[in-house]
Number of protein chains: 2
Amino acid sequence: MSISSVADWAGVSVATVSRVLNGHANVRPETRERVMAAVESSGYRVNELARNLRTAESRLLLTMVPNVGNPFYAEVVRGIDSVARQHGYFMLLCDTGADPGRERSYFDLLRRRRADGAICLDPATIQQALAEESGALPWVACCEFDQAVGVPYVGIDNYRAAGDAVRHLLARGRRRIALINSGDGYLYAQQRQQGYLDALTEAGLTPDPRWLVNLDSLDYAAGAQAAAALASAGSIDDTPDAIFAVSDTLAIGVINGLRGAGRRVPDDVAVIGFDDIAVAAQIDPPLTTVSQPMQELGRTAARLLLQRLANPSATVPGVLLPHRLVIRSSA
Amino acid sequence: MSISSVADWAGVSVATVSRVLNGHANVRPETRERVMAAVESSGYRVNELARNLRTAESRLLLTMVPNVGNPFYAEVVRGIDSVARQHGYFMLLCDTGADPGRERSYFDLLRRRRADGAICLDPATIQQALAEESGALPWVACCEFDQAVGVPYVGIDNYRAAGDAVRHLLARGRRRIALINSGDGYLYAQQRQQGYLDALTEAGLTPDPRWLVNLDSLDYAAGAQAAAALASAGSIDDTPDAIFAVSDTLAIGVINGLRGAGRRVPDDVAVIGFDDIAVAAQIDPPLTTVSQPMQELGRTAARLLLQRLANPSATVPGVLLPHRLVIRSSA
DNA sequence: GTGAAAGCGCTAACAG
DNA sequence: CTGTTAGCGCTTTCAC
């Protein structure tokens, strides 16, 4: 049941069927109706494999994400999906586990014409490699980005956001502020760390290296463990009186770990997170955090990519979306 | 840069290039090497659009999910992705919002040959409609399924699982057990509700209709609201002393709502959830819940679908995976 | 306003 | 072991 059977059925040529299917002008209303009737009654559907070969586009957007299981990424993905759909594109979702090998093989989908463009949320270290080999392949960076890579991006000002978090803690009278970070590969992690460091020194404080922990993980459990370690490293006033975690998942784990160590939040130690995932408002105590516009981050990334696809030569800007400090009870 | 340029470059025919690209036998090692060299140096990549048209398969699996933002679904999706990848397939992810219209238009991707098969996690009501119009289209149901639909499925025994939850509450001496459910469209919700009802009556209790609430949502906030309403409907011993929520997200909201209403968990009211999402172990008190093998659910669904694709005539079984009561502190 | 025909880039008979 | 060739089903000039 191909386009030619429909053509036969309607007593027209395949060209005409194609025209009405694609809503072209220059088809007599009468003919159009005849074709439509044939389409209806035959239950015909275009074979988009064929159409795509012919038009040389897949109408698929590739999304490469370290872990959809992380609520932050899941929301971003939803944002991408929503605007892709709106524009007649679908989303190929690839969970890379931030693994360079997997990442590269996924990215190859672009070269194989299985996707028209890609959105990458993976570590900047990987993105740099991608950019080198990618030639002019259409892709954009989302959330994690390196301005120097020269690829369109959307994200937030991680440096300032981290500074805002730390300054809030400072304003609340905290002085022994720890940072629980997610590790090196991510530029956002480095930027937040720098924001933390600078905010501290600007306040006349000397960052204590014992209180700067890098985890290489965003898991709840990792946060809990790290917090327990921090708390058990000394007496209550020789250990941090505040912890800034670079993600809400970590922060929630931190609160749990602190509880296990017998520390009260925020009385003994204040905790501030990052992202503002849905569950952050539900826990006890409700989490103070730096909110990112997760869905909008995804939507913008998709828009940038679509823009790039529509006009490959135009220079697409990098865009920074606003973050916002959401003060609840944990800090 | 097509296969024919590579052929020219290597001084062979396109057929030969195709053979080495697809790892066919019957190619002299020497020729093979010559071709490989040409491929390397030209940076050639197959156009899978063309290959797919020719072989009449897209090697894409469509996943239709009500909401990837829900941690439960996100984990299932990861499971699907992992086995799809393992078998050379990629995943088209569609967030349907459980909307029948969107769902149907996504499902049409199968007919348009953009996906080889589909995995549906949407409400059974939608699945029934799908099954009627779907003819012999290859798809499987995952988590949410109706045995009567005659489509391969994977899930758990929701009726028994709910019963197990309620019996646990009963064993802990609770008698005024409320159910917070997610609403009608989902068969799993009905099954869990029936399991709840039957477990109660088997214990000689009469279910109190005031304590059976249907939410039509899995949001944290919805759970919180429902719990607050339940708690404020009367004095402490005229309101539930236990709440069974059909999802951890709801349960976490419930705990929050209860706290807001001045009720202690589990002292005043025990709370039990469903799914065992990662955050369930982190909150205060740690959530007692019915664990589902989320990733394995997704992996199995993908395997069933792949099986169906490999052998369309074989009858693929429905499979029920084990659930497990995870007792923590909330109940 | 409509049709004929040429491909898109690939795979798979079929020959040799 | 390798080459020739016929499509896969569609869109799109180019004629009429």
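Every chain is numbered from 1 and lettered A, B, ... according to where its sequence line falls, protein lines coming before strand lines.
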Using a heavy-atom cut-off of 4.0 Å to chain A, what are the terminal contacting nucleotides of DNA chain D, in 5' to 3' order?
dG9(D) to dT13(D)
Donor-acceptor pair between Ser58(B) and Asn52(B) side chains, under 3.5 angstrom:
no
Where Leu93(A) and Val77(B) come nearest, the two heavy atoms and their spacing:
CD2-CG1, 4.2 Å
Scan side-chain atoms only and decide if Tyr188(A) and Ser182(A) contain a donor-acceptor pair under the 3.5 Å cut-off.
yes
Could you report the tightest heavy-atom contact between Gly97(A) and Arg102(A), atom names first, then the distance?
N-NH1, 4.0 Å
Apply salt bridge (charged side-chain N to carboxylate O under 4.0 Å, His left out) to the pair Arg45(A) and Asp108(B), showing each step before the final yes or no.
CA-CA 9 Å; Arg45(A) 289 289 191 292; Asp108(B) 220 43; 2.8 Å; yes
Check the orientation of Phe145(B) and Tyr153(B). Use parallel for under 30°, tilted for 30 to 60°, and perpendicular for over 60°.
parallel
Relative orientation of the end axes in the helix from dG1(C)-dC16(D) to dG16(C)-dC1(D), expressed as an angle to the nearest 10° (five pairs per end):
40°
I'd like to know if Glu296(A) pairs up with Arg303(A) as an ion pair, taking the criterion as any Lys NZ or Arg NE/NH1/NH2 lying under 4.0 Å from an Asp or Glu carboxylate oxygen.
yes
Can you find a side-chain donor-acceptor pair between Gln128(B) and Asp146(B) that sits under 3.5 Å?
yes
So if I define the base as every atom that isn't primed, P, OP1 or OP2, how would nucleotides 10-16 of chain C read as a B/S/- string at a heavy-atom cutoff under 4.0 Å?
BBBB---
Starting at CZ of Arg114(A) and ending at P of dG9(C), how long is that distance when rounded to a whole Å?
17 Å
Assess the residue pair Thr125(A) and Tyr186(A) against the criterion (side-chain hydrogen bond (donor to acceptor under 3.5 Å, both in side chains)); give the C-alpha distance rounded to whole Å, side-chain angles, the decisive distance to 0.1 Å, and a yes or no.
CA-CA 7 Å; Thr125(A) 47; Tyr186(A) 290 94; over 6 Å; no
Any chance you could lay out the salt bridge (charged side-chain N to carboxylate O under 4.0 Å, His left out) test for Arg113(A) and Glu48(B), step after step, and finish with the verdict?
CA-CA 6 Å; Arg113(A) 322 300 311 248; Glu48(B) 302 208 17; over 6 Å; no
